[in-house]
Amino acid sequence: MRFQSGGAVDPASGFEGVQRARIYGKEEIMSMIDYKRLTGLGKVLEESVQAGQIAGGNLCVLHRGQEVYYAESGYGDIANRRKIARDSIFRLYSMTKPVTSAAVMLLMERGIVDLLDPVSKYIPTFADMKVAAPEGDVAVNRQVTVKDCLSMTSGLAYNCDPDPASRDAALVYDELDQRLYSDNPMTTMEAARKLGQGRLAFQPGESWRYGTSADILGAVVEAASGARFGEFLNREFFEPLCMKDTGFGLDAPKRDRLTKVYEATADGLAEYHGNHLGICNHMDTDIRFESGGAGLVSTIVDYGHFAQMLMNNGTYQGREYLAPSTVAYMTGCRLYPHQQSMMAGWESLAGYSYSNLMRVMTEPSLAVINGSQGEYGWDGWLGPYFANMPDIDTTFLMMVQLRDAGTFTLTRKLRNVLATAII
């Protein structure tokens with residue numbers, strides 16, 4: 001394991017390993033960084049590797065725009081003894097979603113997209129959708145909007161449940177997988193059109209369900225901007241933010257830095273080689289389906305640039321990417337009460353609401369981590385995770401590659417340690 005810290009002794013505090021910094025906002029407050037406690041993050045990460053819970057990973061803490069702690073442990077490729085490093089490349093899966101949200105926000109602030117636009121304006125198959133109701137398929141009461149997709153209140157489902165809407169989505173993802181290495185791979189827009197031909201799980205706006213909405217928004221961005229989704233993201237975010245290892249595809253010279261995916265088995269961790277949600281596991285083919293919900297690969301350094309842009313109210317290193325009012329809207333929205341109630345079964349999201357493709361903490365007392373009011377972020381299927389905590393001007397990032405992880409035990413342990421280190 002390797003870790004780095006900017007720790008120092010603060011003579012004013014008389015406590016070794018604590019550094020004070022002033023944060024200026026509406027009110028002046030004091031923040032203290034306890035570097036001794038920050039090192040606990042690396043210890044917890046190392047323990048997880050040694051216990052065989054993960055193959056490897058890295059994490060980073062940014063405070064007031066500066067890196068105050070970094071740790072890495074284990075392997076990105078156990079068989080070839082390739083260790084995790086700062087430039088290790090990870091599959092983000094659903095941590096792609098906040099980037100997709102930022103793209104929609106940019107089109108919104110430019111007056112190109114209206115959040116109440118029906119999705120059918122951009123993807124015609126959404127014009128005559130049906131809802132799979134107990135009495136049979138019924139017509140939608142109103143069309144799915146861009147806003148519905150941003151808040152996961154569209155009725156669109158993922159492919160992992162037995163209900164009709166999920167089965168319809170499964171047909172699309174099965175075809176995506178079958179055509180992945182063919183001469184005719186499915187594109188972003190084709191996938192969105194096919195998803196628009198499936199059924200919804202409920203009437204638009206009636207409830208909340210995590211589903212394919214972000215993939216639809218990727219196609220909306222394409223139609224509204226006139227560029228491929230990946231090209232739009234490269235031009236507007238990745239290139240100017242110096243996110244040089246972030247994208248939907250991976251050039252051959254970079255594949256040695258792509259971490260392997262692992263899954264827990266009765267005999268310990270084993271490599272997982274399957275594709276998931278239309279995403280190519282090995283990133284060794286021409287990627288045509290640029291999934292707004294799951295498709296990006298990145299490094300902890302690159303994603304830190306994106307997270308800091310949001311933390312800085314849309315500005316990074318002197319360039320504005322989003323207006324401050326846009327970032328405030330993106331990170332401050334909530335679900336309606338009748339929608340919020342449907343999140344109750346997702347225990348790891350207790351205390352959070354959801355909007356613009358991210359969790360937003362609204363009730364810290366209900367949460368299962370020691371979090372803070374107004375923090376926001378998201379995670380991914382393989383365990384990568386980020387959180388921005390504006391009240392303490394802190395960003396936490398973690399990258400791992402464990403199948404079916406999401407926000408898991410390690411994530412919560414690390415967040416709880418972090419809460420004791422920045423006061």
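Ring centers of Y262 and Y272: at least 6.0 Å apart, outside the cut-off.
Residue pairs meeting the salt bridge (Lys or Arg N to Asp or Glu O under 4.0 Å) criterion with at least one member in residues 170-183, sequence neighbours excluded, are E175-R179, E175-K194, R179-E190. Here salt bridge (Lys or Arg N to Asp or Glu O under 4.0 Å) pairs that include residues 266-294, with residues two or more places apart or in two chains, are R228-E290.
Counting non-hydrogen atoms of neighbouring residues, nucleotides and ligands closer than 6.0 angstrom, the CD atom of Q197 exceeds 12 such neighbours. Counting non-hydrogen atoms of other residues, nucleotides and ligands closer than 6.0 Å to NZ of K254 gives a total above 12. Taking a 6.0 Å sphere around OH of Y181, one finds it holds more than 12 heavy atoms contributed by other residues, nucleotides or ligands.
Note: Q143 CD to S154 OG = 13.0 Å, rounded to the nearest 0.5 Å. Atom CZ of F126 is separated from atom NZ of K121 by 15.5 Å, given to the nearest 0.5 angstrom. Within the model, atoms CE of M399 and OG of S298 stand 5.0 Å from one another, a figure rounded to the nearest 0.5 Å. Here the OG atom belonging to S73 is positioned 9.5 Å from the CG atom belonging to L59, to the nearest 0.5 angstrom. Atom CG in L335 sits 6.0 Å away from atom OG in S355 (nearest 0.5 Å). Put simply, OG1 on T265 and CD on E263 are 7.0 Å apart, with the number rounded to the nearest 0.5 Å.
At a threshold of 4.5 Å between non-hydrogen side-chain atoms, the residues L180 and P185 do not count as touching. Under the 4.5 Å side-chain criterion, counting only non-hydrogen atoms from C-beta, L92 is not in contact with V297. Here the side chains of V140 and K130 are not in contact, with every heavy-atom distance at 4.5 Å or above. Annotation: side chain of V146 is not in contact with side chain of L116 (no heavy-atom distance under 4.5 Å). Residues E109 and S325 fail the side-chain proximity criterion, which asks for heavy atoms closer than 4.5 Å. Using a 4.5 Å cut-off on side-chain heavy atoms (C-beta onward), V327 and M105 make no contact. Residues V360 and Y354 are not in side-chain contact: their nearest non-hydrogen atoms beyond the backbone lie 4.5 Å or more apart. Side-chain contact check for Y376 versus P390: some heavy-atom pair is nearer than 4.5 Å.
Judged purely by atom type and a 3.5 angstrom limit, H276 has no side-chain atom pairing as donor or acceptor with the backbone of N281. The backbone N or O of Y158 lies less than 3.5 Å from a partner atom in the side chain of S166, making a donor-acceptor pair. Panel note: side chain D148, backbone V144; no donor-acceptor pair is recorded below 3.5 Å. Listed for the T96 side chain is no donor-acceptor partner under 3.5 Å among the backbone atoms of G292. The closest donor-acceptor contact from the side chain of N416 to the backbone of N370 lies under 3.5 Å. At distances below 3.5 Å, at least one donor-acceptor pair connects side-chain atoms of R255 with backbone N or O atoms of L250. Side-chain N or O atoms of R235 include none that pairs as donor or acceptor with a backbone N or O of L233 at under 3.5 Å. Here the side chain of T315 pairs no donor or acceptor atom with the backbone of G318 at under 3.5 angstrom. At distances below 3.5 Å, not a single donor-acceptor pair connects side-chain atoms of T212 with backbone N or O atoms of D215. Distance alone, capped at 3.5 Å, is enough to place a donor-acceptor pair between the Q203 side chain and the A139 backbone.
Among E375, H63, Q308, the one residue that satisfies the side-chain hydrogen bond (donor to acceptor under 3.5 Å, both in side chains) test with T395 is Q308. Looking at Y93, F306, Y210 one by one, the single match for ring pair (Phe, Tyr, Trp, His ring centres under 6.0 Å) with W378 turns out to be Y210.
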Would K97 and T100 satisfy side-chain hydrogen bond (donor to acceptor under 3.5 Å, both in side chains), going step by step from the backbone distance to the final call? CA-CA 5 Å; K97 289 179 170 71; T100 299; over 6 Å; no

Output, in order, the C-alpha distance, side-chain angles, deciding distance and verdict of side-chain hydrogen bond (donor to acceptor under 3.5 Å, both in side chains) for S101 and N356. CA-CA 6 Å; S101 177; N356 297 319; 4.7 Å; no

I'd like to know whether V221 forms a side-chain contact (heavy atoms from CB on, under 4.5 Å) with T188, so could you lay out the CA-CA distance, the side-chain angles of the two residues, the decisive distance to 0.1 Å, and finally the verdict. CA-CA 10 Å; V221 171; T188 307; over 6 Å; no

Begin with the C-alpha distance, continue with both residues' side-chain angles, and end with the deciding distance and a verdict on salt bridge (Lys or Arg N to Asp or Glu O under 4.0 Å) for R257 and D245. CA-CA 10 Å; R257 291 193 281 129; D245 291 322; 3.0 Å; yes

Given the rule in the side-chain hydrogen bond (donor to acceptor under 3.5 Å, both in side chains) test, do T362 and Q373 qualify, once you have shown the distances and angles that lead to the verdict? CA-CA 6 Å; T362 56; Q373 183 76 27; 5.9 Å; no

Please report the C-alpha distance between L241 and Y321 in whole Å, then the side-chain angles of each, then the deciding distance to 0.1 Å, and finally whether the side-chain contact (heavy atoms from CB on, under 4.5 Å) criterion is met. CA-CA 9 Å; L241 280 168; Y321 294 83; 3.6 Å; yes

Would I422 and V61 count as a side-chain contact (heavy atoms from CB on, under 4.5 Å) here? Give the steps. CA-CA 10 Å; I422 300 182; V61 180; 4.0 Å; yes

Check against side-chain contact (heavy atoms from CB on, under 4.5 Å), F386 and F396: CA-CA 6 Å; F386 102 97; F396 175 74; over 6 Å; no

For a ring-ring contact (aromatic ring centres under 6.0 Å, His included) check, start with the C-alpha distance between F229 and F248, then their side-chain angles and the critical distance, and finish with the verdict. CA-CA 9 Å; F229 186 39; F248 291 110; 5.5 Å; yes

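Annotation for A165 and A201: closest pair CB-N, 3.6 Å, computed over non-hydrogen atoms. Counting all heavy atoms, side chain and backbone alike, R412 lies closest to S348 at NH1-CB, 4.2 Å. A pairwise comparison of heavy atoms in P384 and L382 identifies CD-C, 3.2 Å as the closest pair. Counting all heavy atoms, side chain and backbone alike, S353 lies closest to Q340 at OG-OE1, 2.7 Å. For T420 against V417, the heavy-atom pair with the smallest separation is OG1-O, 2.7 Å. In plain terms, the two heavy atoms of P98 and M358 that are nearest each other are CG-CG, 3.7 Å.
Taking S207 as the reference, nothing meets the side-chain hydrogen bond (donor to acceptor under 3.5 Å, both in side chains) condition, with sequence neighbours excluded.
A donor and an acceptor atom, one from each side chain of E67 and Y69, are nowhere located under 3.5 Å apart. Judged by distance alone, the side chains of T299 and D87 never bring a donor and an acceptor atom under 3.5 Å apart.
F232 and F237 have perpendicular rings, their planes meeting at more than 60° on a 0 to 90° scale where under 30° would count as parallel.
Cation-pi geometry between R209 and F202 is not satisfied (NZ or CZ under 6.0 Å from the ring centre, within 45° of the ring normal). Judged by a 6.0 Å distance limit and a 45° cone about the ring axis, R359 is positioned over the six-membered ring of Y352.
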